Amino acid sequence: MAGGAGEGRRDRSRDFGATVMNERYEASAVEPKWQTHWKSCGLFHAGARADAKKLYVLEMLPYPSGEMHMGHVRCYTLGDVLARYGRMRGFDVLHPMGWDSFGLPAENAAIKDGRHPSERTPANIESFKKDCVALGFSYDWTREIATYKPEYYRWNQWFFVKMLEKDLVYRRRAKVNWCPSCNTVLANEQVEDGACWRCGSRVEEREIPEWAFRITKYSDALLGGLSDLQWPERVVSMQKNWLGRSEGAFLDFAVVGSAEKIRVFTTRADTLFGATYVVLAPDHPLALKLATSAQHAAVRAFQTKVAASNREDRLAGRLEKEGVFTGAQAVNPLAGESVPVWLANFVLSGYGTGAVMSVPAHDQRDFEFAKKYDLTISQVVDSGAGAWKGDAAFTDDGVLVNSGAFTGKSSAEARVAITAEAARRGLGETAVTWHLRDWGFSRQRYWGTPIPIVYCERCDPERRGIPVPEDKLPVELPHIDVREVLTGKGEPPLAKVKAWMATTCPKCGGPATREPETMDTFIDSSWYFARYLSPHEATRPFARADADRYLPIDVYIGGPEHAVLHLLYFRFWTKVMADLGLCSEREPARRLVTQGIVKGRDGEKMSKSKGNVVSPREIIARHGADVARLFILFAGPPEKDMDWSDEQIEGQARFLQRVWRLVRAQVEGGAPPDAIPAKADEFRREAHRALKRVSSGLESLGFNTAIAAVMELVNALYKMSPADDAARVARQEALELLAVMLSPFAPHFCAEAWQQLGRTEELATFAWPAVDPALVADETITYAVQVNGKVRGQANVPAGAAEAEVRAAAEQAVAAHLTGKPVKKFIFVPKRLVSFVV
RNA sequence: GCCGCCGUGGCGAAAUCGGUAAACGCGCAGGACUUAAAAUCCUGUGUCGCCAAAAGCGACGUCUCGGUUCGAGUCCGAGCGGCGGCACCA
């Protein structure tokens with residue numbers, strides 16, 4: 001079919017129209033074809049390019065709950081674009097996927113319907129995996145893992161035993177966060193606003209024994225490591241906040257008439273001379289000991305009251321400050337005065353030393369407390385701005401008054417001097433405290449990794465626990481009768497499985513019982529990224545050589561809601577793995593991308609309960625996976641929340657159809673109607689300009705602007721008709737280039753277009769083309785011409801024009817604004833703008 | 001209370017370094033094609049003013065006020081609004 005520039009419009013439009021205009025790209029036929037092709041070629045397997053640089057792209061381990069939602073789609077699409085681009089750039093890309101498949105949802109579902117989690121889980125995984133394939137995600141499925149399988153969780157147990165040897169695991173009796181609905185303990189990180197992170201139930205306080213990791217041993221490393229990560233500021237600051245490093249001093253107050261001393265923590269040692277009483281947490285070990293007989297009953301009553309009310313009131317908002325006098329007196333270490341010792345409900349036993357010195361003049365809480373109980377208020381810091389009015393605490397730094405030898409010093413100087421003096425007298429020292437607490441990981445549930453511990457009355461009468469030897473791992477979960485064992489109440493389910501509980505002691509061989517509790521599932525996701533390196537290793541969690549090759553993760557993608565949960569735990573675990581000699585990297589992920597929420601049609605966050613969930617299956621069925629991917633990428637930058645828009649989806653579908661018609665026109669020899677004849681160079685120029693913008697968009701995660709650049713190329717091609725045979729060849733090249741540069745975003749469509757255009761090479765691994773600098777250089781440059789900062793005209797000059805030449809052209813362009821006004825200054829910004837100041 | 005982020009058309013957004021604000025998409029309007037519609041293609045689309053209209057010209061315009069600068073969406077200060085995190089942390 002002949003088509004040409006010189007013919008009448010009718011003919012041209014027939015060329016484009018008759019065969020091509022009605023032909024639609026059918027994603028439903030094309031996409032499965034390429035998915036099958038990719039699978040059969042093993043194109044996405046890592047390790048094939050041993051001499052290439054590696055690129056590890058990873059998305060957060062999903063919990064497969066059956067059907068995928070748009071939040072997943074967004075996360076994985078971002079990762080897939082980077083993985084595909086990486087492959088085309090020649091990297092040895094590691095892009096794996098697996099399943100976080102232990103945990104409460106499956107167990108709770110089992111309680112409801114009686115089906116064992118091990119039946120449901122593989123089905124859910126299958127379904128989720130199908131969605132991944134249907135969306136064209138380029139995973140290396142040979143590395144797939146599932147955390148519920150013994151070959152995975154045995155390494156959780158192995159780590160546990162190793163960490164026990166290193167004293168990074170210990171058993172403690174502590175106040176724990178108990179979720180009555182999940183019927184299990186939660187770590188501090190898993191309590192949000194006093195409620196369970198998973199189900200939102202109000203958390204209770206209980207005191208029961210539990211296993212914990214000494215994550216606090218890594219406080220400094222966790223804080224220090226943050227500085228060399230390319231992580232979003234938001235996440236970094238949340239982690240810093242959570243770690244909560246605080247510099248100050250320990251100071252010792254001797255107790256009058258007793259050998260005991262009260263150690264307090266303060267960040268304001270400069271206010272020591274204003275400490276007019278000391279307050280202990282109600283459950284402080286000295287509380288009862290110090291109480292005088294007259295006050296004993298009152299102290300008892302107060303303790304009971306606080307223990308009962310604690311959580312509820314703290315949640316209900318501001319807790320009324322309450323306290324009780326112990327009757328005891330303590331001695332200010334430097335001032336030498338005796339001050340009363342109180343208990344108060346706002347002092348926390350878990351932070352610092354569980355005791356504080358109260359300086360009501362300079363701390364608002366202490367001020368309120370002192371007012372309520374009529375305690376002495378004594379000013380020791382002067383603001384320098386007139387006398388202190390005494391209506392509220394003055395909490396800023398200032399100059400010391402009424403502070404003995406330290407009077408006259410600035411607060412900053414005094415903090416150092418007072419701490420040093422206390423230290424010299426053996427009554428204190430500088431100190432650093434942290435908000436971070438150890439990670440309690442015992443869970444009173446069934447569907448998780450058994451803790452490999454046995455209790456033997458003979459060898460271990462104190463029930464400290466004896467680890468199961470390495471060669472006896474894994475300790476597998478027993479098969480159970482769901483109805484009988486999973487009741488969702490009472491003791492840990494495994495405790496009811498008598499046959500499993502009964503075992504032999506590894507030390508004496510005598511009868512022993514197992515630990516019935518299981519591990520927090522956050523352990524599973526703390527090291528899975530390393531298991532992907534050597535998923536089939538049977539003798540160790542992963543191979544050192546693989547770790548050296550592929551760690552750290554280059555780009556890690558997931559939601560910001562894990563900022564102080566998973567993202568903290570897996571940093572901790574990586575440091576432990578490094579200390580165990582398993583790898584040299586001390587940080588798991590160099591770069592982190594936290595993707596925004598996908599909201600529903602109603603503008604609310606998608607959730608089942610709101611009934612506004614849109615399934616990717618809907619879009620795949622209607623328009624195909626590529627449209628779903630384009631929509632989600634084009635909506636805005638990755639970190640930003642995005643709104644659902646059926647219209648924008650239609651727009652992306654329209655865009656692909658528009659490209660398709662161009663491709664078909666090229667193959668059939670037609671041109672778009674109303675196109676203007678163009679030469680070869682013009683086609684090349686447009687294509688390379690787009691390529692440049694797409695390349696830089698891919699580097700900077702500006703996927704929306706990268707796609708916009710391709711759209712502009714398409715718009716340009718619609719206005720151009722090849723003027724001659726050379727131009728026809730150039731248009732062919734431009735369309736091929738288009739298929740290449742769009743392929744990370746819309747891989748199925750591009751593979752098909754590529755083939756239509758007659759190319760036979762594998763597009764998914766085709767080398768990303770270099771931008772031809774000669775083609776993207778402008779021939780003429782349009783300068784904006786300003787007079788006194790206002791744009792008054794434009795000047796077109798050849799690209800290489802010198803300043804004087806540009807100035808001459810510019811003067812001509814704005815002559816009317818310059819007449820009669822002497823030019824005081826001339827500003828020349830190459831390639832952009834000139835400005836006259838008159 | 002403390003810490004962090006963000007305010008740009010009717011909407012989603014774009015704008016390496018301070019250099020022609022609003023690219024691209026959506027929506028809307030007009031036109032072409034069609035018996036008609038859909039689909040498709042083309043054109044227009046920040047606000048206001050001058051003008052019968054168009055062309056054209058001008059003023060204003062990136063939350064508000066102020067500052068630095070020849071020039072500010074971008075830098076600085078103050079404020080307002082929104083979002084997120086932590087929160088009796090001593």
Side-chain angles (χ1 to χ4, degrees), chain A residues 9-10 13 16-17 20-22 24 192-193 232-242 244-246 248 264-268 271 279 314 318-319 321 344-348 350-359 363-366 368-369 395 433-435 560-561 563-564 630-631 634-637 639-652 654-655 657-658 661 672-675 693 696 700 702 704-712 714-715 718-719 782-794 824-838:
Chain A
R9 190 169 75 188
R10 210 171 196 208
S13 95
F16 192 66
V20 173
M21 297 271 295
N22 298 326
R24 291 183 59 82
E192 295 171 348
D193 236 352
E233 195 42 51
R234 180 154 92 106
V235 174
V236 170
S237 82
M238 279 170 74
Q239 291 216 348
K240 278 187 184 162
N241 212 322
W242 187 259
R245 189 187 135 95
S246 177
V264 304
F265 175 72
T266 181
T267 56
R268 291 298 303 273
T271 62
V279 189
R314 221 177 277 168
R318 278 297 113 93
L319 186 68
K321 286 178 184 40
N345 58 352
F346 63 87
V347 175
L348 308 172
Y351 183 77
T353 60
V356 298
M357 64 179 205
S358 284
V359 187
D363 181 283
Q364 191 55 31
R365 276 170 321 211
D366 296 343
E368 287 167 27
F369 193 80
T395 56
T433 62
W434 298 81
H435 172 245
E561 66 275 9
V564 290
L630 285 173
F631 160 68
F634 187 69
E639 326 76 57
K640 237 182 133 166
D641 289 354
M642 58 178 281
D643 292 309
W644 187 262
S645 165
D646 291 310
E647 289 83 7
Q648 288 283 349
I649 295 211
E650 296 292 334
Q652 294 306 323
R654 216 175 295 156
F655 166 61
Q657 296 296 349
R658 202 165 142 81
R661 282 188 292 274
D674 300 319
R693 290 170 60 196
S696 72
S700 64
N704 52 339
T705 55
I707 293 166
V710 181
M711 288 173 168
E712 283 186 70
V714 170
N715 290 346
Y718 262 81
K719 295 190 173 57
T782 304
Y783 278 83
V785 183
Q786 294 186 342
V787 179
N788 285 347
K790 297 208 179 222
V791 179
R792 295 297 182 185
Q794 296 185 336
K824 281 197 283 189
K825 199 170 168 189
F826 177 71
I827 290 136
F828 177 68
V829 183
K831 294 184 177 181
R832 291 234 170 231
L833 144 159
V834 293
S835 185
F836 295 97
V837 185
V838 298

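Labels below follow one simple rule: chain letters A, B, ... track the order of the sequence lines, proteins then strands, and each chain is numbered from 1. Bear in mind the structure is a predicted one, so any value in this text is a computation, not a measurement. These numbers come from the heavy atoms of this one structure, side chains and all, not from hydrogens, waters or symmetry mates.
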Apply side-chain contact (heavy atoms from CB on, under 4.5 Å) to residues A/Arg658 and A/Asn715 and explain how you reach the verdict. CA-CA 9 Å; A/Arg658 202 165 142 81; A/Asn715 290 346; 2.9 Å; yes

So A/Arg234 and A/Glu639, salt bridge (charged side-chain N to carboxylate O under 4.0 Å, His left out) or not? Walk me through it. CA-CA 11 Å; A/Arg234 180 154 92 106; A/Glu639 326 76 57; over 6 Å; no

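The side chain of A/Met238 has B/G85 as its nearest neighbour among B/G85, B/C24, B/A90. Distance from the side chain of A/Tyr351 is smallest to B/A90 among B/C24, B/C42, B/A90. Taking only side-chain atoms of A/Gln794, from C-beta outward, the nucleotide of B/U40, B/U20, B/C86 with the closest atom is B/U20. When distances are taken from the side chain of A/Glu712 to each of B/U20, B/A23, B/G85, the shortest belongs to B/A23.
Within the shown strands, B/G46 is the pairing partner of B/C60 under the Watson-Crick or G-U definition, both distances less than 3.5 Å. Summarising the base pairing, B/U8 is matched to no nucleotide, lacking a Watson-Crick or G-U wobble pair whose two defining distances lie under 3.5 Å. In this structure B/U40 sits in a base pair with B/A32, meeting the Watson-Crick or G-U test at under 3.5 Å. Across all strands shown, the partner of B/C2 is B/G85, judged by Watson-Crick or G-U wobble contacts whose two distances both fall under 3.5 Å. Pairing partner, B/C75: B/G67, with both Watson-Crick or wobble hydrogen-bond distances short of 3.5 Å.
Taking the ring-ring contact (aromatic ring centres under 6.0 Å, His included) definition, one finds that A/Phe631 meets it with A/Trp644, sequence neighbours left out. Partners of A/Ser696 under the side-chain contact (heavy atoms from CB on, under 4.5 Å) rule, at least two apart in sequence or in another chain, do not exist in this structure.
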Heteroatom pairs (N/O) under 3.5 angstrom, protein to nucleotides 68-71 of chain B:
| unit_1 | atom_1 | unit_2 | atom_2 | d |
| --- | --- | --- | --- | --- |
| B/C70 | O2 | A/Ser835 | OG | 3.2 |

Between the protein and nucleotides 44-49 of chain B, are there any N/O to N/O pairs under 3.5 Å, and if so, what are the atom names and distances?
none

Restricting to nitrogen or oxygen on both sides, can you table the protein-nucleotides 5-15 of chain B pairs closer than 3.5 Å?
| unit_1 | atom_1 | unit_2 | atom_2 | d |
| --- | --- | --- | --- | --- |
| B/G12 | O2' | A/Ala635 | O | 2.8 |
| B/A13 | OP1 | A/Lys640 | NZ | 3.3 |
| B/A13 | O3' | A/Asn704 | ND2 | 3.4 |
| B/A14 | OP1 | A/Asn704 | ND2 | 3.0 |

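Taking side-chain N and O atoms only, A/Tyr718 has a distance below 4.0 Å to OP1 or OP2 of B/C41.
If A/Met357 and A/Ile707 are placed on RNA chain B by their nearest nucleotide, the residue sitting closer to the 5' end is A/Ile707. With the nearest nucleotide of RNA chain B identified for both A/Arg792 and A/Arg832, A/Arg832 has the one nearer the 5' end.
A glycosidic torsion no more than 90° from 0 defines the syn conformation; B/G27 lies beyond that range and is anti. Classification of B/C17 as syn follows from a glycosidic angle within 90° of 0.
Applying the salt bridge (charged side-chain N to carboxylate O under 4.0 Å, His left out) definition to pairs two or more places apart or across chains, those involving residues 641-650 of chain A are A/Arg601-A/Asp646.
Seen from the ring of A/Phe369, A/Lys321 does not count as a face-on cation partner, given the 6.0 Å and 45° thresholds.
Below the 3.5 angstrom threshold, one finds no donor paired with an acceptor across the side chain of A/Lys240 and the base of B/C3.
For the pair A/Arg268 (side chain) and A/Thr395 (backbone), a donor-acceptor distance under 3.5 Å is present.
Taking the six-membered ring for Trp, A/Phe634 and A/Phe655 have ring centres at least 6.0 Å apart.
Between A/Phe826 and A/Phe836, the ring planes lie tilted relative to each other; the angle falls in the 30° to 60° range.
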